[in-house]
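First comes the structure, then the notes that go with it.
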Amino acid sequence: MDGSAVEEADRNPTAIRQTHTGNRSISCMAIGLSGGQLFGALLAIGGVVILAFSGRYVWRATGIYRADPVSALEGTSRGALVRVSGAAQQGNADLLSAPFSGTDCLALRYAIEERRLSPSLLPWFVTIRELAGSAAFRVRTPEAAIDVTEPARTVTLERQVVATVPPGDEPSERIARFERTAGADPATTHWRSPPPILKPITTRLSLGTRRYTEQRATPGDEITVVGRITETGDGVDPLVVSDRPPRQTLLRMARTSLVGLCIGGFAVALGLVLVVL
């Protein structure tokens, strides 16, 4: 600033703030949008992203119906979407060891959940870590033993709560060792170690309680695998591993994604309204 500008700033200290505010307004006007319209555009873009991710998962879930049920791979074409049902058997790979129970299994999905306050201030369990996968295994149908060659993308099986640990208790040695070695989730959070003044409230609501769950497919379990025939034609590249009939599997998989579709659709609609107005 020159001398006259400095004197003007001394006399009118709000001038600089007004100038910065004007610059932000000019920036929005330069792209042809007001502040509300810019927010609406960003909201609509975020909604589209949510719709894309949720829609992709719902489409995968519908594969349980779109797939052709087969009992053998003879006569199928490479890349075809098929559904195979039968008893799970160990293949050439080693069994997986479930992290919380130590159970040997072929397909696995585990989760760590922590009890926290929801946006509506009601207690609920929030998933802080979740992972799914499978070893190479076989499905024994009435006609053949079909190889499932790759790790499954989605595992949806009967959910079992292995342990529930209140904030003041220590988990089992196996679970504690997993949490130390995995390193992806903190051993404690402010929900488990709240300030002393909030301790009576968090204790009353059981906030900070952790729940350790597993979904497992073990040898001999009846399962359904949806996937595509491999390029070599001798196995299935799995998309979904389930222990439920097609309709129940679809409902189980689509339930959460339908919520995402509703949220994404609402965000897009509201964003477009703000842009148009």
Side-chain angles (χ1 to χ4, degrees), residues 50-73 75-93 95-96 98-99 103-111 113 127 129-160 213-261 264:
I50 295 175
L51 284 174
F53 278 98
S54 299
R56 180 172 178 266
Y57 196 75
V58 170
W59 178 251
R60 181 182 297 175
T62 62
I64 201 83
Y65 276 112
R66 293 184 287 108
D68 294 326
V70 298
S71 296
L73 300 186
T76 59
S77 58
R78 297 175 182 178
L81 186 65
V82 297
R83 184 172 75 240
V84 179
S85 298
Q89 296 181 342
Q90 185 176 1
N92 298 325
L95 294 173
L96 302 176
T103 304
D104 290 333
C105 51
L106 301 168
L108 170 69
R109 180 177 180 177
Y110 69 83
E113 302 168 324
T127 300
R129 181 180 176 86
E130 186 174 36
L131 193 64
S134 63
F137 63 95
R138 297 186 178 97
V139 177
R140 166 60 67 179
T141 71
E143 298 183 22
I146 298 177
D147 286 320
V148 179
T149 59
E150 301 290 340
R153 293 168 176 79
T154 300
V155 175
T156 173
L157 303 164
E158 181 181 358
R159 181 172 174 270
Q160 300 180 11
T213 66
E214 293 175 347
Q215 300 177 36
R216 306 182 297 263
T218 56
D221 289 348
E222 292 292 323
I223 62 171
T224 294
V225 176
V226 176
R228 296 192 178 277
I229 304 298
T230 60
E231 290 299 320
T232 56
D234 59 356
V236 175
D237 181 1
L239 298 175
V240 178
V241 176
S242 175
D243 60 354
R244 298 292 180 89
R247 180 175 176 275
Q248 294 182 25
T249 299
L250 175 61
L251 292 176
R252 181 193 285 175
M253 291 180 61
R255 187 181 301 121
T256 302
S257 296
L258 289 176
V259 174
L261 289 175

Of all heavy-atom pairs linking Pro246 and Tyr65, the shortest is C-OH, 3.9 Å
Is it the case that atom CZ in Arg66 sees more than 12 heavy atoms from other parts of the structure closer than 6.0 Å? yes
Salt bridge check, Glu113 against Arg159: does any charged N sit closer than 4.0 Å to a carboxylate O? yes
Calculate, to the nearest 0.5 Å, the distance between atoms CD and CD belonging to Glu130 and Gln215 respectively. 7.5 Å
Using distance only, find each side-chain donor-acceptor pair of residues 142-149 under 3.5 Å and give its atom names and separation, not counting sequence neighbours.
from: Asp147; atom 1: OD1; to: Arg138; atom 2: NE; distance (Å): 2.8
from: Thr149; atom 1: OG1; to: Val236; atom 2: O; distance (Å): 3.4

Within this structure, what is the CG-OG1 distance for the pair Leu250 and Thr156, rounded to the nearest 0.5 Å? 10.5 Å
In Å, rounded to the nearest 0.5 Å, how long is the span from CZ of Arg129 to OG1 of Thr127? 12.5 Å
Would you mind checking if Arg109 and Glu214 are paired as a salt bridge, meaning a charged N to carboxylate O distance below 4.0 Å? no
Please check if any side-chain donor atom of Ser242 sits under 3.5 Å from a side-chain acceptor atom of Thr249, or the reverse. yes
Does Arg216 form a side chain to side chain contact (heavy atoms under 4.5 Å, CB included) with Gln160? I'd like the steps, not just the answer. CA-CA 8 Å; Arg216 306 182 297 263; Gln160 300 180 11; 2.6 Å; yes
Pair Ile223, Val241 - check side chain to side chain contact (heavy atoms under 4.5 Å, CB included), show working. CA-CA 7 Å; Ile223 62 171; Val241 176; 4.3 Å; yes
Compare every heavy atom of Gly235 with every heavy atom of Leu73, then report the nearest pair and how far apart it is. CD1-N, 3.5 Å
Considering only heavy atoms from C-beta outward, does the side chain of Leu106 approach that of Pro219 to under 4.5 Å? yes
Rounded distance (nearest 0.5 Å) linking atom CG of Leu95 with atom OG of Ser134: 12.0 Å
N/O donor-acceptor pairs under 3.5 Å from side chains in residues 79-91, not counting sequence neighbours:
from: Arg83; atom 1: NH1; to: Ile64; atom 2: O; distance (Å): 2.6
from: Ser85; atom 1: OG; to: Thr224; atom 2: OG1; distance (Å): 2.9
from: Gln90; atom 1: NE2; to: Ala93; atom 2: O; distance (Å): 3.2

Taking Leu51's backbone N and O only, do any of them form a donor-acceptor pair with Ser54's side chain (distance below 3.5 Å, no angle check)? no
Quick check: closest heavy atoms across Ala152 and Val155, and the distance to 0.1 Å? CB-CG2, 4.1 Å
Side chain to side chain contact (heavy atoms under 4.5 Å, CB included) for Val225 and Phe137? Distances and angles first, verdict last. CA-CA 11 Å; Val225 176; Phe137 63 95; 4.1 Å; yes
Taking atom CZ of Phe53 as the centre, report whether more than 12 heavy atoms of other residues, nucleotides or ligands fall under 6.0 Å from it. no
Can you tell me how far OH of Tyr110 sits from SG of Cys105, rounded to the nearest 0.5 angstrom? 11.5 Å
Distance-minimising heavy-atom pair for Ala107 and Leu157: O-CD1, 4.2 Å
Locate the shortest heavy-atom distance separating Ser71 from Thr141; write the atom from each residue and the value. O-OG1, 2.5 Å
Residue pairs fulfilling salt bridge (charged side-chain N to carboxylate O under 4.0 Å, His left out) with at least one residue in residues 225-245, sequence neighbours excluded: Arg153-Asp237, Asp243-Arg252
